Peer 1: 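First the structure, then my questions, so here it is.
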Amino acid sequence: MSTPPAANPVKAVIRGRLFWPAAVLAVLLVANLAFTPDFFAVRLQGGHLYGSLIDILHFGAPLILVSLGMTLVIATGGIDLSVGSTVAISGALACLHISESTDPGGVGTVLTALGIALGTALVLGAVNGLLVARAGVQPIVATLILMVAGRGVAQLITDGQIITVTSDPYKMIGGGYWLTVPFAILLAALVVTAAVLLTRSTALGLLLESVGANPVASRLVGIRAARLIALVYVSSALCAALAGLMVSSNVSAADGNNAGLWIELDAILAVVLGGTSLNGGRFSIGGTVLGALIIQTLSTTVYTIGVPPETTLVFKAFVVIAVCLVQSPAFRARLAARGTRTGRTTTRSRVAAPIDREVGA
């Protein structure tokens, strides 16, 4: 009895879901060395870590959180366009409460502000979940309602102004440091770790994938799909609220008009770059984190190489298209097939040339 040939470890790594996002991120990081020789330098100053890599992780933390919630929604075959408005609403509510408090620097005041922001986000996520799971509204329509209305609500909360706050405990969330590392990085890492444990160490991840891959079959086998769908929209809103607290805390201000603007599109891109299909089913949290870091690194690279601001979005669009093509198995298969056909044609022409000369002679 013959033994099957051993699998090629290199091919196994290349075919892995995280290989291409990690490779693209590595290429972007290395490319920055051409413009910033000390790009990888990390220094300790005043008890805090500084450097370009730290900045990418720090400023990418809100996008990682929003993308994490988006991943779970997309895994069920849905989409959440309201995360940007949730970012703005949560930051506006927290800053409004702190600014109107008699003790803005008090820990109790900040904890109350966090509770108001997260509680409101829970309600907003539940509304989205009920519209999709119970009312049967298309996810893109249900969340588009809050995307439009929520931005107006955020501006009503701030009265069309930028609310500034002075609170050291609140500043800690997005702009503070703990154990020499930006606290936002640690908070994002904690949430991502919890999500990985919940979805990969329990049956929750498998249930989400089954609902996204075949909702009818999952319902027939007894899976309560409606509850799971409502749950992921609540999770997405809570992740967006945490991101909103980070954003407003980092600048000690709430801007209902610009906070979280278009972050939903970056989150969807991060999920796609991470290898998760928009059709639902299998998802990758690790891939999503890499996708969010790719987008943040790309933004850093754009500013580093001096791309004009008016062409920044166009530049990012071309890079994202290139990355998606590189990740596409169908595109790579076509390139490989074309290369194989070209090689065969060249071989045939080399073999046929002496024969043609002999026949001509």
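Bear in mind the structure is a predicted one, so any value in this text is a computation, not a measurement. Heads up: numbering here begins at 1 and tracks the sequence. Every heavy atom of this structure was used, including side-chain atoms; hydrogens, water molecules and symmetry mates were not.
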Peer 1: Atom CG in L28, atom CG in L298: separation rounded to 0.5 Å?
Peer 2: 6.0 Å

Peer 1: With distance as the sole test, does S277 use its side chain to make a donor-acceptor pair with the main-chain N or O of N279 at under 3.5 Å?
Peer 2: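 Yes: the side chain of S277 pairs with the backbone of N279.
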
Peer 1: Using side chain to side chain contact (heavy atoms under 4.5 Å, CB included), reason through I64 and V191 one step at a time and then give a plain yes or no.
Peer 2: CA-CA 10 Å; I64 290 175; V191 175; over 6 Å; no

Peer 1: Pick out which of L63, V247, I268 makes a side-chain contact (heavy atoms from CB on, under 4.5 Å) with I263.
Peer 2: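 So, applying the side-chain contact (heavy atoms from CB on, under 4.5 Å) to I263 and each of L63, V247, I268, only L63 qualifies.
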
Peer 1: Can you tell me if L197 has over 12 outside heavy atoms packed within less than 6.0 Å of its CG?
Peer 2: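 Yes.
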
Peer 1: Should R282 and T276 count as side-chain neighbours, where that means a heavy-atom distance under 4.5 Å?
Peer 2: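 Counting from C-beta outward, R282 and T276 never come under 4.5 Å.
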
Peer 1: Could you check whether any side-chain heavy atom of S82 comes within less than 4.5 Å of a side-chain heavy atom of N128, counting everything from C-beta outward?
Peer 2: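 Of all side-chain heavy-atom pairs linking N128 with S82, at least one is under 4.5 Å.
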
Peer 1: Which heavy atom of D266 sits nearest a heavy atom of I295, and at what distance?
Peer 2: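 Answer, listing the atom of D266 first, then I295: O-CD1, 3.1 Å.
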
Peer 1: Heavy-atom distance under 4.5 Å between the side chains of L273 and L290, does that happen here?
Peer 2: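 Side chain of L273 against side chain of L290, heavy atoms only: no contact under 4.5 Å found.
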
Peer 1: Go through E264 and R151 one step at a time and tell me if the salt bridge (charged side-chain N to carboxylate O under 4.0 Å, His left out) criterion holds.
Peer 2: CA-CA 13 Å; E264 59 273 0; R151 185 65 60 176; 5.3 Å; no

Peer 1: To the nearest 0.5 Å, tell me how far L146 CG sits from D80 CG.
Peer 2: 8.0 Å

Peer 1: How long is the straight-line distance from CD of Q155 back to CG of N258, given to the nearest 0.5 Å?
Peer 2: 8.5 Å

Peer 1: Measure across V234 and A126 and return the closest heavy-atom pair with its distance rounded to 0.1 Å.
Peer 2: CG2-N, 3.6 Å

Peer 1: So how far is it from S236 OG to L124 CG, rounded to the nearest 0.5 Å?
Peer 2: 11.0 Å

Peer 1: Considering only heavy atoms from C-beta outward, does the side chain of L72 approach that of T199 to under 4.5 Å?
Peer 2: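 A side-chain contact under 4.5 Å exists here.
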
Peer 1: Under a 3.5 Å distance rule, please check whether N214 uses its side chain to pair with a backbone N or O of S210 as donor and acceptor.
Peer 2: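 No, N214 side chain to S210 backbone: no donor-acceptor pair under 3.5 Å.
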
Peer 1: Has R200 got its NZ or CZ under 6.0 Å from the middle of the six-membered ring of F283, at an angle within 45 degrees of the ring axis?
Peer 2: yes

Peer 1: To the closest 0.5 Å, what do you measure between CG (D38) and OG1 (T36)?
Peer 2: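 Reported to 0.5 Å precision, the distance equals 6.5 Å.
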
Peer 1: Is there a side-chain hydrogen bond (donor to acceptor under 3.5 Å, both in side chains) between S67 and T288? Walk through the geometry before answering.
Peer 2: CA-CA 7 Å; S67 301; T288 294; over 6 Å; no

Peer 1: Are Y233 and T143 packed together at the side-chain level, in the sense that at least one heavy-atom pair is separated by less than 4.5 angstrom?
Peer 2: yes

Peer 1: Membership question, hydrophobic clusters at under 4.5 Å side-chain separation (ILVMFWY): are L187 and V251 in the same one?
Peer 2: no

Peer 1: Ignoring hydrogens, what is the shortest heavy-atom contact between S99 and I163? Give both atom names and the distance.
Peer 2: OG-CG2, 3.7 Å

Peer 1: Quick one: does any side-chain atom of K171 pair with a main-chain N or O of N250 as donor and acceptor, under 3.5 Å?
Peer 2: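 Such a contact is found between K171 side chain and N250 backbone.
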
Peer 1: Please report the C-alpha distance between H48 and T180 in whole Å, then the side-chain angles of each, then the deciding distance to 0.1 Å, and finally whether the side chain to side chain contact (heavy atoms under 4.5 Å, CB included) criterion is met.
Peer 2: CA-CA 4 Å; H48 300 159; T180 73; 5.8 Å; no

Peer 1: Side-chain heavy atoms nearer than 4.5 Å, only ILVMFWY residues, links allowed to pass through others: does that put V73 and L204 together?
Peer 2: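 Cluster IDs for V73 and L204 match.
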
Peer 1: For residues L265 and F59: do they belong to one hydrophobic cluster (side chain heavy atoms under 4.5 Å, members Ile, Leu, Val, Met, Phe, Trp, Tyr)?
Peer 2: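 In one cluster with L265: F59, no.
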
Peer 1: Please step through side chain to side chain contact (heavy atoms under 4.5 Å, CB included) for the pair V137 and V132, ending with a clear verdict.
Peer 2: CA-CA 5 Å; V137 180; V132 175; 5.6 Å; no

Peer 1: Is the shortest side-chain heavy-atom distance between L18 and S284 below 4.5 Å?
Peer 2: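 L18 vs S284: side chains touch.
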
Peer 1: Could you go through D103 and S101, starting from their C-alpha distance and side-chain angles, then the distance that decides it, and tell me whether this counts as side-chain hydrogen bond (donor to acceptor under 3.5 Å, both in side chains)?
Peer 2: CA-CA 5 Å; D103 184 19; S101 173; over 6 Å; no

Peer 1: Quick check: closest heavy atoms across A254 and G91, and the distance to 0.1 Å?
Peer 2: CB-O, 3.6 Å

Peer 1: Between the side chains of Y170 and S248, is a donor N or O closer than 3.5 angstrom to an acceptor N or O?
Peer 2: yes

Peer 1: If you measure from NE2 on H97 to CD1 on I157, what distance do you get to the nearest 0.5 Å?
Peer 2: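 These two atoms lie 13.5 Å from each other.
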
Peer 1: Of all the heavy-atom pairs spanning A259 and A88, show the shortest one and how long it is.
Peer 2: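 Nearest pair, atom of A259 first, then A88: O-CB, 3.5 Å.
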
Peer 1: Look at the side chain of T297 and the backbone N and O of L29, then say whether any donor-acceptor pair between them is shorter than 3.5 Å.
Peer 2: no

Peer 1: Parallel under 30°, tilted from 30 to 60°, perpendicular over 60°: which one fits the rings of H58 and Y177?
Peer 2: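 The arrangement is perpendicular - the two ring planes meet at more than 60°.
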
Peer 1: Report the C-alpha separation of L228 and T76 in whole Å, then their side-chain angles, then the decisive distance to 0.1 Å, and conclude whether the side chain to side chain contact (heavy atoms under 4.5 Å, CB included) test is met.
Peer 2: CA-CA 8 Å; L228 287 175; T76 62; 5.6 Å; no

Peer 1: Looking only at heavy atoms, which two atoms of S167 and P104 are closest? And how far apart?
Peer 2: OG-O, 2.7 Å

Peer 1: Honestly curious: do L65 and V181 fall in one hydrophobic cluster under the side-chain, below-4.5 Å linking rule?
Peer 2: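 Yes; tracing contacts between hydrophobic side chains, which count when under 4.5 Å, links both residues.
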
Peer 1: Within the distance-only criterion (no hydrogens, no angle test), does the side chain of S90 pair as donor or acceptor with the backbone N or O of V87 below 3.5 angstrom?
Peer 2: yes

Peer 1: According to a hydrophobic-cluster definition based on side-chain heavy atoms being under 4.5 Å apart (Ile, Leu, Val, Met, Phe, Trp, Tyr only), do L156 and L93 belong together?
Peer 2: no

Peer 1: Heavy-atom distance under 4.5 Å between the side chains of T158 and D255, does that happen here?
Peer 2: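 Contact flag for T158/D255 side chains = no.
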
Peer 1: Can you tell me if CG on D55 sees more than 12 non-hydrogen neighbours from other groups inside 6.0 Å?
Peer 2: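 Buried by this count: over 12 neighbours within 6.0 Å.
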
Peer 1: Could you tell me if the side chain of L114 sits less than 4.5 Å from the side chain of V110, heavy atoms only?
Peer 2: yes

